[in-house]
Protein chains: 2
Amino acid sequence: MHDRRQSAVPDIESLMGQFHAYLSKKQLKSTRQRDLIAQKFFAAHGHISIEELLTLSRAENPRIGYATVYRTLKLLAECGLAAQRRFGDGQTMYETAGDTEHHDHLICIECQHVLEFQNDDIEHEQERVARSFGFSLVRHRLELYGLCPRARGIKGGWCPNEEQRKLSD
Amino acid sequence: MHDRRQSAVPDIESLMGQFHAYLSKKQLKSTRQRDLIAQKFFAAHGHISIEELLTLSRAENPRIGYATVYRTLKLLAECGLAAQRRFGDGQTMYETAGDTEHHDHLICIECQHVLEFQNDDIEHEQERVARSFGFSLVRHRLELYGLCPRARGIKGGWCPNEEQRKLSD
DNA sequence: GTCCCTGCAAACTATTTGCACCGGG
DNA sequence: CCCGGTGCAAATAGTTTGCAGGGAC
């Protein structure tokens, strides 16, 4: 079987290290705000929107502004630690990148929750398709949209969104 | 082999017919503007942005407004004839849908051109992954980003963008 | 004739930018 | 100290909406 649910969680320290390394290489400064936003971003470790990140950051420093969050996320994207992602609906989300192996997304169109998965067969086949067109494959993006067990009406069915709530209690 | 490069090109007449059927079913009206915009959209048959569609439509009727294009495209999306798509860069694109079988995208990150492909093995494997999480799969989105032969530096290499130019001459 | 549709402009939302002041190196 | 960073507010880009007049059925 070629599926793996989730790769190892990278530790925040190391990510902050990479971020600081990038900043000093580019002669940019580490500031309280940047560190705070990056911390919160790495800690969320999943999919987070600008709005959510701002809220989390303001919990510790209420004077953080939208612009700073945008600017910091742009920096994180430049050094490959964050990736912008726009799912079907409106909201632009960001996720950590570079740290973990590649993963794809499975999204419930009812409860909106996003799961991650990896499947080597699909990856190999993608490689083969690209080659058949004479392309070399650099990256890809795969999103599966469907209904989670709960949304399908299976009684007692598992719903990723409720799992999530349990975790955050 | 399970790849198919491109499904049959649907004819515009039939698409317009489907559109009109949807309109009358919903007791909505066929108007000059809607027909013009839908015609241009179907004729483009590939990936087109609101902006481009407006420009094309204004070539024949300069008084067409943005709002009408947005509203018409929303109608086309409702009846499954158009699908919104946001590739990595900023621009929101629309493409014809419903006409042909499902297809995925292969995009050259150098020349930006978009090819379409289908691969049944990948589709089946996606189905399997969704089931393994207890999900029922409704739709998906797969984009492969890479370098076309020309961009890879293969001399005399084939470049989708040049093929395109040849066609439009 | 009745509503729906259109074009325009104003409203909104998400994101970026200009600028005076602040603070890290 | 210097120059980049921050916060605010204003600007911008993309999309939606309200409304008065026009057109399909």
Side-chain angles (χ1 to χ4, degrees), chain A residues 16 19-41 47-79 82-94, chain B residues 16 19-41 47-79 82-94:
Chain A
M16 290 301 290
F19 184 40
H20 287 151
Y22 177 79
L23 290 177
S24 63
K25 189 179 67 188
K26 288 266 186 165
Q27 314 224 230
L28 301 172
K29 294 169 185 170
S30 300
T31 63
R32 264 172 261 130
Q33 293 91 330
R34 283 180 179 169
D35 283 2
L36 174 57
I37 294 167
Q39 290 267 4
K40 291 294 179 188
F41 176 66
H47 310 82
I48 192 170
S49 65
I50 295 281
E51 187 95 21
E52 292 169 324
L53 194 48
L54 180 68
T55 305
L56 285 176
S57 302
R58 280 191 170 159
E60 281 185 31
N61 178 349
R63 303 211 35 198
I64 297 269
Y66 262 101
T68 304
V69 177
Y70 275 105
R71 290 189 273 229
T72 303
L73 232 24
K74 185 170 286 182
L75 283 174
L76 287 167
E78 273 170 34
C79 61
Q84 206 185 44
R85 217 147 244 294
R86 292 154 97 171
F87 294 115
D89 53 51
Q91 285 251 287
T92 299
M93 306 286 274
Y94 286 80
Chain B
M16 289 301 290
F19 184 39
H20 287 152
Y22 177 78
L23 290 178
S24 63
K25 189 179 65 187
K26 288 266 186 166
Q27 316 224 230
L28 301 173
K29 294 169 183 170
S30 300
T31 63
R32 261 173 262 130
Q33 293 90 330
R34 282 180 180 169
D35 283 1
L36 174 57
I37 293 167
Q39 289 268 5
K40 292 294 179 188
F41 176 66
H47 309 83
I48 191 169
S49 65
I50 296 280
E51 187 94 22
E52 292 168 325
L53 194 49
L54 180 68
T55 305
L56 285 176
S57 302
R58 281 192 169 157
E60 281 184 33
N61 177 349
R63 303 209 36 195
I64 297 270
Y66 262 101
T68 304
V69 178
Y70 275 105
R71 290 188 275 228
T72 303
L73 231 25
K74 185 170 287 182
L75 283 174
L76 287 167
E78 274 170 34
C79 61
Q84 206 185 44
R85 219 146 244 294
R86 291 154 97 173
F87 293 115
D89 52 51
Q91 285 250 285
T92 299
M93 306 287 272
Y94 286 80

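Just so we're on the same page: letters track the sequence lines, and every chain starts at 1.
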Touch class at under 4.0 angstrom, heavy-atom based, for B/Lys26 against every strand present: nothing
A/Lys74 side-chain N/O to C/dT16 phosphate OP1/OP2 under 4.0 Å: yes
Distance test, side-chain N/O of A/Thr92 to OP1/OP2 of C/dT15, below 4.0 Å: yes
Distance in angstrom units between A/Tyr66 OH and C/dT13 C1', rounded: 10 Å
Interatomic distance, B/Ile37 CD1 vs C/dG7 C1' [rounded to whole Å]: 12 Å
Residue closer to the 5' end of DNA chain D, A/Asn61 versus B/Tyr70 (nearest nucleotide): A/Asn61
Whole-Å distance separating the CG atom of A/Leu36 from the C1' atom of C/dG24: 17 Å
Pair B/Glu52-B/Ser49, side-chain donor/acceptor within less than 3.5 Å: yes
B/Ser30 to B/Leu23 - nearest heavy-atom pair and separation: OG-CD1, 3.9 Å
From A/Ile64 atom CD1 to A/Leu53 atom CG, the distance as rounded to the nearest 0.5 Å: 9.0 Å
Rounded distance (nearest 0.5 Å) linking atom CG of A/Leu76 with atom CZ of A/Phe19: 4.5 Å
B/Leu54 CG - D/dT15 P separation (whole Å): 12 Å
B/Glu60 with B/Lys40: basic N within carboxylate O range, under 4.0 Å: yes
Given DNA chain C, 5'-ward residue of the pair B/Arg34 and B/Arg58, judged by closest heavy atom: B/Arg34
Rounded interatomic separation in angstrom, taking CD1 from B/Ile50 and P from D/dT16: 8 Å
Interatomic spacing from CG in A/Leu73 to CG in A/Leu54 - rounded to 0.5 Å: 11.0 Å
From CE (A/Met93) to CD1 (A/Ile50), nearest 0.5 Å: 10.5 Å
Under 4.0 Å protein heavy-atom contacts per nucleotide of nucleotides 18-25 of chain D, with B for base, S for backbone only and - for none: B----BBS
Rounded interatomic separation in angstrom, taking NE2 from A/His20 and P from D/dG5: 13 Å
Rounded interatomic separation in angstrom, taking CD from B/Glu51 and P from D/dT12: 17 Å
Side-chain N or O of A/Gln33 closer than 4.0 Å to phosphate OP1/OP2 of D/dG7: yes
Spacing of A/Leu23 atom CG relative to C/dG24 atom C1', expressed in whole Å: 12 Å
